[in-house]
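When reading the values below, keep in mind they use all heavy atoms of this one structure, side chains included, and skip hydrogens, waters and symmetry mates.
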Amino acid sequence: MTTPTPDATTTTEYTRLISLAVHEMRTPASVIGGYLRMLLNDTATPLEARQRRMLEEAEKSCVRLVALLNEFSDLGKLDAGIAAVRAERFDLFELVREVAANVHEAEDREVRLELKGLASGGALDGDRLRLRTSIEFVLRAVLREQPTGTVVVAETERITSDGRSQARLVVAPAPSVAAAAASVASGFDDYRGGLGLGLPIARRVVTRFGGRIWSPQPPEGSELPLGERGAIVVTIPLLE
């Protein structure tokens with residue numbers, strides 16, 4: 001049985017439904033968050049320490065909920081091909097280093113990120129901000145899944161694939177970088193928990209750049225060793 005390809009009408013309805021759902025959920029979430037901030041900033045009626053902690057946690061959850069709704073909206077626009085896209089030239093390898101300097105996922109568990117490979121020479125045209133956010137989610141996804149004390153490597157290099165020059169970013173625990181780099185493009189689990197809709201968005205953004213994103217898969221019937229889990233590989237065609 002084949003799955004029918006969505007037509008333009010179906011896509012439009014899908015986009016409208018997401019837009020309506022986001023609007024209907026964002027409004028009450030924003031109102032709740034506003035009232036919580038008012039309570040936290042009310043100097044006329046001081047809060048007890050316990051009450052303040054509870055309200056602060058509730059306010060953080062409201063902020064997170066609004067952020068998720070914004071990601072949901074962006075996801076719908078990307079799928080419908082109507083997302084606003086900026087066009088600028090930038091260096092992907094420089095961008096990876098910029099992002100890595102500001103990613104601190106799992107540092108409390110002494111999981112460390114190391115950079116290897118090229119620091120420049122990866123010219124691209126496209127939406128730098130969207131790709132920057134996507135790279136951040138990729139780095140965070142790998143870091144957060146590692147056991148305490150792991151060193152994660154983000155390796156950047158130029159390769160030739162499909163007859164053209166491409167950038168390859170391998171993010172993996174140090175012992176498995178070479179195996180991940182040699183892996184064949186396969187599936188990608190973008191439903192890993194704890195990162196909202198960041199990975200589904202990252203997959204769509206990478207695809208828009210003409211690239212691929214995947215997680216190395218173990219041989220059929222086996223399981224990757226603990227030290228090799230969570231690796232992600234991204235390839236994106238470069239300007240010649």
Side-chain angles (χ1 to χ4, degrees), residues 13-80 82-86 98-113 127-150 152 154 171 188-206 213 215 229-230 232:
E13 287 300 317
Y14 163 77
T15 307
R16 290 180 60 193
L17 178 61
I18 287 182
S19 178
L20 176 62
V22 168
H23 173 74
E24 293 296 327
M25 289 186 282
R26 182 191 285 142
T27 300
S30 298
V31 170
I32 293 170
Y35 279 120
L36 289 171
R37 286 189 291 276
M38 288 173 62
L39 288 171
L40 288 167
N41 296 325
D42 185 4
T43 57
T45 310
L47 296 168
E48 297 178 0
R50 178 172 173 274
Q51 293 173 324
R52 177 168 292 278
R53 284 196 301 272
M54 293 171 66
L55 290 174
E56 285 174 346
E57 289 304 313
E59 198 269 336
K60 287 179 185 177
S61 293
C62 277
V63 170
R64 181 59 184 141
L65 178 58
V66 171
L68 280 169
L69 290 171
N70 290 337
E71 290 174 1
F72 190 34
S73 176
D74 200 32
L75 195 64
K77 292 175 182 176
L78 285 166
D79 280 344
I82 60 174
V85 177
R86 301 178 183 179
E98 176 188 317
V99 175
N102 294 289
V103 170
H104 306 290
E105 193 84 26
E107 283 187 347
D108 58 322
R109 294 188 288 106
E110 298 182 359
V111 176
R112 186 161 51 88
L113 179 64
D127 195 322
R128 182 182 186 277
L129 180 59
R130 283 187 183 279
L131 190 56
R132 185 190 193 287
T133 302
S134 298
I135 292 170
E136 178 186 339
F137 278 115
V138 167
L139 295 178
R140 289 178 57 198
V142 179
L143 288 165
R144 75 191 313 273
E145 293 187 0
Q146 305 309 316
T148 299
T150 302
V152 171
V171 187
F188 180 58
D189 178 14
D190 52 8
Y191 293 98
R192 303 181 187 189
L195 292 170
L197 299 176
L199 289 180
I201 289 174
R203 178 167 60 83
R204 288 159 173 80
V205 170
V206 169
I213 180 169
S215 298
R229 295 177 190 172
I232 296 177

Under the side-chain contact (heavy atoms from CB on, under 4.5 Å) rule, what do I201 and L78 come out as? Steps first, then yes or no, please.
CA-CA 8 Å; I201 289 174; L78 285 166; 3.8 Å; yes
Let's go through V205 and T133 carefully: what are the C-alpha distance in whole Å and the side-chain angles of both, what is the deciding distance for side-chain contact (heavy atoms from CB on, under 4.5 Å) to 0.1 Å, and is it a yes or a no?
CA-CA 10 Å; V205 170; T133 302; over 6 Å; no
Rounding to 0.5 Å, atoms CZ (R140) and CD1 (I135) come to a distance of 14.0 Å
Work out which heavy atom in G230 is nearest to a heavy atom in Q146; give both atom names and the distance.
CA-NE2, 4.3 Å
Counting only N and O atoms by type, is there a donor-acceptor contact under 3.5 Å from the side chain of S134 to the main-chain atoms of R130?
yes
Tell me, please, which residues at least two apart from H104 pass side chain to side chain donor-acceptor pair (under 3.5 Å).
E107
About how many Å separate CG of D74 and CG of D79, when rounded to the nearest 0.5 Å?
10.0 Å
Using atom types as modelled and distance alone, determine if a side-chain donor or acceptor of E136 lies under 3.5 Å from a backbone N or O of R132.
no
Who passes side chain to side chain donor-acceptor pair (under 3.5 Å) against R52, sequence neighbours left out?
none
Minimum heavy-atom distance V152-V111, with the two atoms named
CG2-CG1, 4.2 Å
Quick one: CG on L69 to OG1 on T27, what's the gap to the nearest 0.5 Å?
9.5 Å
How long is the span from the CG atom in L195 to the CZ atom in F137, to the nearest 0.5 Å?
6.5 Å
Checking E105 side chain against L143 main chain: does a donor-acceptor pair fall under 3.5 Å?
no
Taking all non-hydrogen atoms of both residues into account, name the closest pair between L139 and A154 and its distance.
CD2-CB, 4.1 Å
Listed by chain and number, what are the side chain to side chain donor-acceptor pair (under 3.5 Å) partners of S215, not counting sequence neighbours?
R192
Mind checking side chain to side chain contact (heavy atoms under 4.5 Å, CB included) for M54 and listing every partner two or more places apart, or none if nothing turns up?
R50
Distance from D189 atom CG to L199 atom CG, nearest 0.5 Å?
8.5 Å
Q51: partners by side chain to side chain donor-acceptor pair (under 3.5 Å), with sequence neighbours left out
none
Reported CD-to-OG1 distance for the pair E110 and T148, which is rounded to 0.5 angstrom:
7.5 Å
Side-chain donor-acceptor pairs of residues 55-68 under 3.5 Å, sequence neighbours excluded:
| residue | atom | partner | partner atom | Å |
| --- | --- | --- | --- | --- |
| E59 | OE2 | R37 | NH1 | 3.1 |
| S61 | OG | E57 | O | 3.2 |

